[in-house]
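Report on the structure given below.
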Amino acid sequence: MSTELSKERELDGLVEQTTEGQSRQTDRQSNRHTDTAGSRKMASIPEYYAGKNLMITGATGFMGKVLLEKLLRSCPEVKALYILVRPKSGQSMQERVSDMMTCKLFDRVREDNPDFHQKIIPISSELTQPGLGISPEDVERLTACIDIIFHCAATIRFDEHLRHAVQLNVIGTQQLLSLAQQMQHLEAFVHVSTAYANCNRRHIDEVIYPPPVEPRKLIDALEWMDDNMVNDITPRLIGARPNTYTYTKALAEYVVQQEQDKLNIAIIRPSIVGASWQEPFPGWIDNFNGPSGVFIAAGKGILRTMKANNDAVADLIPVDVVVNLTLSAGWYTAVHRPKKTLVYNCTTGGINPFHWGEIEYHVMSSFKRNPLEQAFRRPNANITSNNLIYQYWILVSHKFPAFIYDSFLRLSGKKPHMMRIFDRLHKAIGLLDYFSAQDWDWNCDNMSMLLGQLSPEDKKMFNFDVRQLNWPEYIDNYCIGTKKYVLNEEMTDIPVARQHLRKLRNIRYVFNTCLVVFFWRVFIARSLMARNIWYFVAQHTSLLLTSLSEHLTPLTDVLERYYKSFF
């Protein structure tokens with residue numbers, strides 16, 4: 001009798017658990033569009049994240065690290081941060097995480113809470129593997145506790161092979177969504193995309209556009225195609241898009257949208273992510289990606305020209321702005337549960353535009369005030385949209401000096417390397433041509449709406465109001481940040497770096513003078529007509545320079561402009 005009663009109780013318990021699970025799934029699907037009531041709706045962003053378990057993909061990347069730091073510093077009551085990490089370059093998962101946490105980025109968090117690392121729980125994962133390479137034990141652990149997912153992982157290489165880009169950006173996202181649907185307490189899934197996912201359009205609304213191809217069909221096709229076939233069809237597939245990165249990010253957005261009836265989803269579309277604006281300190285940057293490598297090459301005097309439209313909007317967005325918007329969107333999505341997936345175009349062009357020509361001016365000015373150490377030449381880059389002029393400057397200002405320098409190295413018995421550096425530089429800036437030669441019109445209504453939903457305290461702590469961004473100050477901090485955090489140069493060594501620039505200037509003047517003498521001896525001195533023309537031009541140029549030196553600037557600055565215009 002007691003055995004039968006026990007079996008009945010176990011059966012009742014099993015039915016009750018099944019009913020409860022079905023009820024929870026039904027509630028997530030059918031009632032997700034209603035706002036939550038009570039204190040949860042009124043909670044501030046730090047209050048909402050208090051006690052929550054969060055999962056972050058791409059946490060060891062640039063944006064992922066800033067997101068991690070911001071959560072630890074501004075939401076100190078967060079319960080745990082689970083980060084998906086893969087072993088890389090001979091380092092184990094634990095070694096990668098330990099190295100990351102010693103980074104200067106976490107200095108402010110370390111001061112407030114020396115034991116902050118205890119909240120960071122690494123999970124071994126590999127996005128290219130089935131099931132994301134997560135062990136069954138970790139899957140069970142994650143599905144039982146995660147409240148919010150921030151999906152930041154992706155390959156950001158513009159020239160990535162299509163097969164690998166699809167594997168990371170599309171299939172990896174699909175598998176993460178499958179894992180998310182198993183999570184019992186998940187309240188929001190925040191996917192980080194790019195504002196250029198639909199760059200084949202000039203006006204981009206905060207909507208998910210139809211995909212260029214059905215993702216499932218492409219994935220199936222890639223399974224039987226060899227690499228040569230994939231290379232052949234890639235240009236046709238990506239069409240008007242410039243690379244596989246923007247193409248696969250568009251596909252990933254569509255994949256995410258398909259799950260909006262099962263999950264609370266938000267999509268963040270940042271434009272060109274650059275150094276921090278305010279947090280954790282101005283100008284923080286830790287890599288050469290995007291504009292950072294271009295700025296450094298210009299500051300070192302290696303980059304002398306770049307193909308871009310001076311009047312086109314350079315849609316830079318500080319990384320802390322993106323992170324603040326991402327955390328705010330996670331809060332809004334979980335608390336208010338919008339009826340459909342909300343897309344946030346995280347851009348500056350339509351709100352606080354800044355142009356490539358202005359960036360050129362301020363970058364050059366900053367590096368002349370705060371020069372980089374051991375510069376190859378004085379910072380003096382120029383931007384042009386004319387391909388003929390661009391190729392001319394590539395030849396005169398890049399390849400010719402590189403050839404001379406490598407020849408000197410060969411004569412000195414050293415291995416030449418400057419031409420190789422310039423080849424890599426040309427390849428890198430060539431990948432940016434598409435984005436620097438034109439601009440786009442992004443709708444940012446959802447971004448403005450979300451800002452209006454924040455309390456005054458949250459607006460201050462999670463500021464993403466780009467109207468307040470002072471571009472000259474930001475660019476100056478950006479350039480200093482590349483010096484301090486990427487190149488690890490000391491600000492106290494700036495006087496020595498300035499002295500080095502003065503030496504380079506003198507060398508340039510001597511070289512240009514010798515070039516003038518050579519030009520005179522070979523081409524001018526042998527022709528009476530050429531000499532007369534030369535004397536005429538030289539006389540009037542001298543009068544002009546004298547006038548300018550008396551009324552506008554010191555003579556040395558005028559001579560510098562003179563040499564620049566002719567050489």
Side-chain angles (χ1 to χ4, degrees), residues 104 272 274-288 290-306 308 310 314 316 318-320 348 352 354-384 393 397 401 425 429 436 468-509 512 548-549 552-565 567:
K104 183 176 178 60
I272 304 173
S276 62
W277 171 24
Q278 297 172 323
E279 300 179 286
F281 25 78
W284 186 81
I285 184 77
D286 73 339
N287 59 74
F288 290 88
S292 306
V294 175
F295 290 178
I296 291 172
K300 286 285 189 180
I302 297 174
L303 177 68
R304 310 294 279 185
T305 186
M306 179 176 172
N310 281 276
L316 288 179
V319 63
D320 49 335
T348 56
N352 186 2
F354 201 60
H355 303 87
W356 285 107
E358 295 174 290
I359 284 185
E360 174 205 352
Y361 172 78
H362 289 290
V363 168
M364 292 300 100
S365 298
S366 179
F367 280 129
K368 287 175 181 177
R369 291 193 303 271
N370 305 291
L372 302 179
E373 296 176 12
Q374 297 301 313
F376 179 61
R377 282 176 295 184
R378 297 185 76 244
N380 191 21
N382 69 85
I383 286 178
T384 179
W393 284 116
S397 296
L425 176 63
I429 61 177
S436 58
Q468 303 174 15
L469 181 61
N470 183 302
W471 282 110
E473 180 183 2
Y474 172 71
I475 295 298
D476 194 46
N477 287 330
Y478 197 147
C479 294
I480 293 174
T482 61
K483 178 179 177 68
K484 292 169 61 176
Y485 309 124
V486 180
L487 302 177
N488 296 315
E489 297 180 1
E490 297 293 336
M491 297 299 289
T492 54
D493 294 332
I494 284 180
V496 176
R498 288 174 179 165
Q499 184 178 5
H500 179 67
L501 286 194
R502 287 194 291 270
K503 290 180 180 179
L504 292 176
R505 181 192 60 189
N506 294 337
I507 291 173
R508 179 187 174 204
Y509 287 165
N512 287 345
L548 289 173
S549 65
L552 296 178
T553 58
L555 179 60
T556 54
D557 291 340
V558 176
L559 287 173
E560 187 173 354
R561 290 199 193 102
Y562 174 79
Y563 281 119
K564 177 181 178 181
S565 64
F567 304 103

Distance-only criterion, 3.5 Å: show the donor-acceptor pairs between side-chain atoms of residues 473-483 and protein atoms not counting sequence neighbours.
from, atom 1, to, atom 2, distance (Å)
Tyr474, OH, Ala275, N, 3.2
Tyr474, OH, Ala275, O, 2.7
Asp476, OD1, Ser366, OG, 2.7
Asp476, OD1, Arg369, NH2, 2.8
Asn477, ND2, Glu473, O, 3.3
Tyr478, OH, Ser292, OG, 2.7
Thr482, OG1, Cys479, O, 2.6
Lys483, NZ, Pro371, O, 2.9
Lys483, NZ, Glu489, OE1, 2.8

Side-chain heavy atoms of [X] within contact of [Y], under 4.5 Å:
X      : Y      : value
Asp320 : Trp284 : no
Arg304 : Trp393 : no
Asn370 : Arg498 : yes
Pro379 : Leu501 : yes
Asn310 : His355 : no
Glu360 : Asn382 : yes
Lys484 : Met491 : yes

Can you name the nearest heavy-atom pair linking [X] to [Y], along with the distance?
X      : Y      : value
Pro291 : Leu316 : CG-CD2, 3.6 Å
Ala381 : Met364 : N-SD, 3.3 Å
Leu372 : Gly299 : CD1-C, 3.8 Å
Ile383 : Trp356 : CD1-O, 3.5 Å
Pro318 : Trp277 : CB-CB, 3.6 Å
Phe376 : Leu504 : O-CD2, 3.8 Å

Please identify each residue that fulfils side-chain hydrogen bond (donor to acceptor under 3.5 Å, both in side chains) with [X], with sequence neighbours left out.
X      : value
Asn287 : none
His362 : none
Ser276 : none

>> Working to the nearest 0.5 angstrom, can you tell me the gap between Phe367 CZ and Asn380 CG?
In response: 14.0 Å

>> The criterion is side-chain contact (heavy atoms from CB on, under 4.5 Å); which residues satisfy it with Pro280, sequence neighbours excluded?
In response: Glu69, Arg73, Leu105, Arg108

> How would you list, by chain and number, every residue that makes a side-chain contact (heavy atoms from CB on, under 4.5 Å) with Phe288, sequence neighbours excluded?
Replying inline: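 Counting only residues at least two positions away or on another chain, Phe288 forms a side-chain contact (heavy atoms from CB on, under 4.5 Å) with Ile296, Val486, Leu487.
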
>> Given 3.5 Å as the limit, does a donor-acceptor pair link the side chain of Asp493 with the main chain of Glu373, or not?
In response: no

>> Please determine whether side chain to side chain contact (heavy atoms under 4.5 Å, CB included) holds for the pair Thr348 and Phe354, giving the CA-CA distance in whole Å, both sets of side-chain angles, and the decisive distance to 0.1 Å.
In response: CA-CA 8 Å; Thr348 56; Phe354 201 60; over 6 Å; no

